[in-house]
Amino acid sequence: MSNNEGFFNKVYEVVKLIPSGRVTTYGAIASAIGSPGAGRMVGWAMNKAFSQPCFVPAHRVLNRNGQLTGKHAFPNADTMQELLESEGVEVENDKVKNFENIFWKPERVVD
DNA sequence: GCCATGACTGGGT
DNA sequence: TACCCAGCCATGG
């Protein structure tokens, strides 16, 4: 289960595996699903994540710089930061503090 | 079926 | 250290 449903679905699965208070990068997810370099697609999938029936912690997905590059996809530009702070993630200037400290590496999805 | 775009990444200048 | 270019994969027109 949980695969062959499409590239986006794989992304959602990995993102949903992200523990609260932790964050990851698009490239990490892309590599986890076996499509390194498709980081752009991961971000795009996040946009559709809001259209998904299940909640996807897209706010826990940042770029390699730990910056909230996807905040614009949220209802409000501050929503992403609020969600992260709500989970104990310190955010400042649209960037996560001790990003490498809270970085969570997704496991490779079995295909 | 081809071209353009996108919440990325890494390397080079 | 900052900016630019090329590579990468998938979707939409």
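Within every chain, numbering begins at 1; the chains are lettered A, B, ... in the order of the sequence lines, protein sequences first and strands thereafter.
In terms of modelled atom types and a separation under 3.5 Å, the side chain of A/Arg60 and the main chain of A/Ile18 share a donor-acceptor contact.
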Using the 3.5 Å cut-off, write out each protein N or O paired with an N or O of nucleotides 5-7 of chain B and the distance between them.
residue : atom : partner : partner atom : Å
B/dG6   : O6   : A/Arg40 : NH1          : 3.2
B/dA7   : O4'  : A/Thr69 : O            : 3.2
B/dA7   : O4'  : A/His72 : NE2          : 3.3
B/dA7   : N7   : A/Gly43 : O            : 3.1
B/dA7   : N7   : A/Asn47 : ND2          : 3.3
B/dA7   : N6   : A/Met46 : O            : 3.4
B/dA7   : N3   : A/Tyr26 : OH           : 2.2

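Taking atom CZ on A/Phe7 and atom P on C/dC8, their separation rounds to 15 Å, with Å as the unit. The CG atom of A/Asn9 sits 15 Å away from the C1' atom of C/dA10 (whole-angstrom rounding). In this structure, A/Asn65 places its CG atom 11 Å from P of B/dG10, rounding to the nearest Å. In this structure, the CD1 atom of A/Ile29 is 16 Å from the C1' atom of C/dC8, given to the nearest Å.
Tracing side-chain contacts under 4.5 Å through hydrophobic residues (I, L, V, M, F, W, Y), one reaches A/Met41 starting from A/Leu17; they form part of the same cluster.
Nearest approach of A/Gly39 to A/Ala30, heavy atoms of both residues: N-CB, 3.9 Å. Closest approach of A/Ile102 to A/Gly21, counting heavy atoms only: CB-O, 3.8 Å. The minimum heavy-atom distance between A/Glu107 and A/Ala32, with the atom names listed, is O-CB, 3.7 Å.
Among pairs with a residue in residues 62-76 of chain A, those fulfilling side-chain hydrogen bond (donor to acceptor under 3.5 Å, both in side chains) read A/Tyr26-A/Thr69, A/Lys71-A/Asp94, at least two apart in sequence or across chains.
Both A/Phe8 and A/Gly37 lie near DNA chain C, and the one whose nearest nucleotide falls closer to the 5' end is A/Gly37.
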